[in-house]
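Encoded as structure tokens, the structure appears first; notes follow it.
Because only heavy atoms are used, hydrogens play no part in the values below, and waters and symmetry mates are left out as well, while side chains stay in. Just so we're clear, the structure is a prediction, and the values are computed from it rather than from any experiment. Chain letters run A, B, ... following the sequence lines, proteins first, then strands; residues in each count from 1.
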Amino acid sequence: MQLYQNQNIKIYNSLTGEKEQFKSIHEGSVGMYVCGPTVYSNVHLGNVRTFMSFDVIFRYLKYLGYKVRYVRNITDAGHLENDADVGEDRIAKKARLEEIEPMEVVQRYTVDFHNILNTFNFLPPSIEPTATGHIIEQIELIKTIIDNGFAYEVNGSVYFDVHKYNESNEYGILSKRKLEDLIHNTRELDGQSDKKNPQDFALWKKAEPAHIMRWPSPWSDGFPGWHLECTAMSTKYLGEHFDIHGGGMDLKFPHHECEIAQNQAAKGKSPVNYWMHANMLIMNGKKMAKSTGNFILPNEIFTGDNPHITKAFTPSVARFFMLQAHYRSVLDFTNDGLLAAEKGYNRLMEAVKSLSELKISDKSSIDINAWKQKCFEAMNDDFNSPILIANLFEAVKYINQIKDGTVTITKEDLETLTKTINDFTFDILGLKDDTIQTNTGTDKLSGTVELLIKLRQEARANKDFALSDKIRDELAEVGIKLKDGKDGTTFTTN
RNA sequence: GGCGUCUUGGCCGAGUGGCUAGGCAGAGGUCUGCAAAACCUUGUACAGCGGUUCGAAUCCGCUAGACGCCUCCA
């Protein structure tokens, strides 16, 4: 008996606009595809938030006992900077600017991406396929779409015929757009496009002579269209029809819309049961943009080296901060928000650490099993991590009250509490305890401060408060804070 | 211009047609030589205007504002 058999998960499906009961296609298994990054620059903090949302979803589904195959791709083939028919591909552009090979660009930023995600304690996906590793699959897919009459070749390039597709299918079904509206609102092109209609999108592009990333195909030496890779790779690893497809809100149109169209055109079926879209991360109330300076790199959070924050924050604090907001809400990244999150996070960690010291009683005055079920229900309700965190703080209060003796707990309930809070905090939310370690007496600084603490203790015993306060204040000046607790004095550095 | 989302107390941020979200800050208290820390208790709310309803912050309409997409983006 797996946990998931007792839990009713509801997922907000972007396709229908409603929360729906989750039921996997194959009993006990879940296939989930998430659009990964294009590796042409350092990973954006907004990317981190999106992938974090799906990391938590992945963790929860696994925790419930599902066998989850989580596929997240790396887009390493260059794609054009715009959907008009011209422009440079972004990886090639970066390669030119930095005077390195396109594949060096790809390698550099793939490594950066993995480093940052590791720092944030992400679980690796089950499969992380690359676009350039699936050129053959993409070419085969194009052939099928051409054979089915939904694509045409012009001058070595192949385009998806959106108008033709719309006659028998619904282009815009996901993003709630109408083709006629799109036609009216499309900006004028310069007339140099090979497309029949501006709404058509490229499945294959013939490469200009200077273009380095190129592959042979029946139509030309060229490269695949951006939307195609996800269709090819999701189909290869999850099948023509799978459970969950996720990504950032901004991918809804045109990217995911085109994926649906490609799948319908090639296989005659909609690819996905549940479409999930994570909302945007903004900063100080505005869109993050390098150009305006309203921008922060993930790494700068850990070093504090950015004008928008006043200090460094640990990865878990940043993670905790993000998970305090629901994945479908816009989240405003601010220094004050981080500061508040840090305090809350520390309080949670302190409580978790003190679980082993709690005294047990014959009776419990609190209902731990009801509390535990509330934790599950929070996650069952469209992966509501903020509600889960609120529940965790309810447990923090219990823990402190048990310490105070105003609440009692039995041995069995304490075991349930301990397991549940640990599972949800660390396994499901993916937090780590990276609170500042108090002294352990293992290094020279600790030994020295321990000595001062002892001297202060003696001064206090002798009522020499002038000396004891001097020790405390001057240590504080060099950044060592003393904390007087019930079991003696500890210190923290900053 | 088109499409869509959102507007909650000092700040962040959940949620529901009638019942405490939670965190941070503030206030009161416990502890302390004093403080800090820690812990306990606790006030303040649903953008504005109409409507539906026995009852709406929660549903509908209008107004104002914010954001996103429509062009590469998670």
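Computed from coordinates, the Glu477(A) CD to rA36(B) C1' distance equals 15 Å when rounded to whole Å. Spacing between atom CG of Leu281(A) and atom C1' of rC12(B) amounts to 13 Å, rounded to whole angstrom units. Nucleotide rC72(B) holds its P atom 10 Å from the CZ atom of Phe253(A), rounded to whole Å. In this structure, CG of Asn284(A) is placed 17 Å from P of rA66(B), rounded to the nearest angstrom. Residue Asn294(A) contributes atom CG, which lies 11 Å from atom P of rC67(B) at whole-angstrom precision. Between the P atom of rA35(B) and the NZ atom of Lys481(A) lies a distance of 18 Å, rounded to the nearest Å. Regarding His256(A), its NE2 atom lies at a distance of 15 Å from the P atom of rC69(B), rounded to whole Å. Rounded to an integer number of Å, the gap from NZ of Lys10(A) to P of rG15(B) is 14 Å.
Judged by Watson-Crick or G-U wobble contacts below 3.5 Å, the nucleotide rA66(B) has rU5(B) as its partner. Remark: rU71(B) base-pairs with no nucleotide; criterion is Watson-Crick or G-U wobble with both hydrogen-bond distances under 3.5 Å. With both pairing distances under 3.5 Å, rC31(B) is matched to nothing as a Watson-Crick or G-U wobble pair. Using Watson-Crick or G-U wobble geometry with both donor-acceptor distances under 3.5 Å, rG61(B) finds its partner in rC49(B). Across all strands shown, rG22(B) forms a Watson-Crick or G-U wobble pair, both distances under 3.5 Å, with rC12(B).
Of the listed residues (Tyr165(A), Phe253(A), Phe160(A)), just one forms a ring-ring contact (aromatic ring centres under 6.0 Å, His included) with Phe201(A), and that residue is Phe160(A).
Using a 4.0 Å cut-off, some side-chain N or O of Lys287(A) falls inside it from OP1 or OP2 of rC69(B). Of the side-chain N and O atoms in Gln401(A), one or more sit less than 4.0 angstrom from OP1 or OP2 of rU41(B). Within the 4.0 Å cut-off from OP1 or OP2 of rA14(B), not a single side-chain nitrogen or oxygen of Asn384(A) is found. Between Ser329(A) and rA14(B), a side-chain N or O to OP1/OP2 separation shorter than 4.0 Å is present.
Two rings, from Phe333(A) and Phe321(A), have their centers less than 6.0 Å apart. Residues His256(A) and His227(A) keep their aromatic ring centres 6.0 Å or farther apart. Residues Phe120(A) and Phe302(A) bring their aromatic ring centres within 6.0 Å. With ring centers used as reference points, Phe113(A) lies under 6.0 Å from Phe51(A). Ring centroid separation for the pair His277(A) and Tyr12(A) does not come in under the 6.0 Å cut-off. Aromatic ring centres of Phe424(A) and Phe376(A) lie closer together than 6.0 Å.
Within a 6.0 Å radius of NZ in Lys252(A), other residues, nucleotides and ligands contribute more than 12 heavy atoms.
Stacking of Phe51(A) onto the six-membered ring of rA74(B) is not present when judged by under 5.5 angstrom between centres and under 30° between planes.
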Nucleotides 18-24 of chain B: which of its N/O atoms have a protein N/O under 3.5 Å away?
{"residue": "rG23(B)", "atom": "OP1", "partner": "Arg347(A)", "partner atom": "NH2", "Å": "3.0"}
{"residue": "rC24(B)", "atom": "OP1", "partner": "Arg347(A)", "partner atom": "NE", "Å": "3.2"}

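A donor N or O paired with an acceptor N or O is not found under 3.5 Å between the base of rG33(B) and the side-chain atoms of Asp464(A). Judged by distance alone with a 3.5 Å cut-off, no donor-acceptor contact links the side chain of Arg472(A) to the base of rA36(B).
You'll find that the side chain of Phe465(A) is closest to rG33(B), out of rA74(B), rC39(B), rG33(B). Listed nucleotides: rG13(B), rC70(B), rG68(B). Nearest to the side chain of Ala325(A): rG13(B). When each of rC34(B), rA14(B), rG2(B) is scored by its nearest atom to the side-chain atoms of His326(A), the top-ranked nucleotide is rA14(B). Closest to the Lys286(A) side chain, of the nucleotides rC67(B), rA74(B), rG13(B), is rC67(B).
Atom C1' of rU52(B) sits at a distance of 11 Å from the matching atom of rG61(B), rounded to the whole Å.
Stacking of Arg319(A) on the aromatic ring of Phe122(A) is recorded, both the 6.0 Å distance cut-off and the 45° axial limit being met.
Along RNA chain B, the nucleotide closest to Gly285(A) and the one closest to Met280(A) are compared, and the more 5′ of them pairs with Gly285(A).
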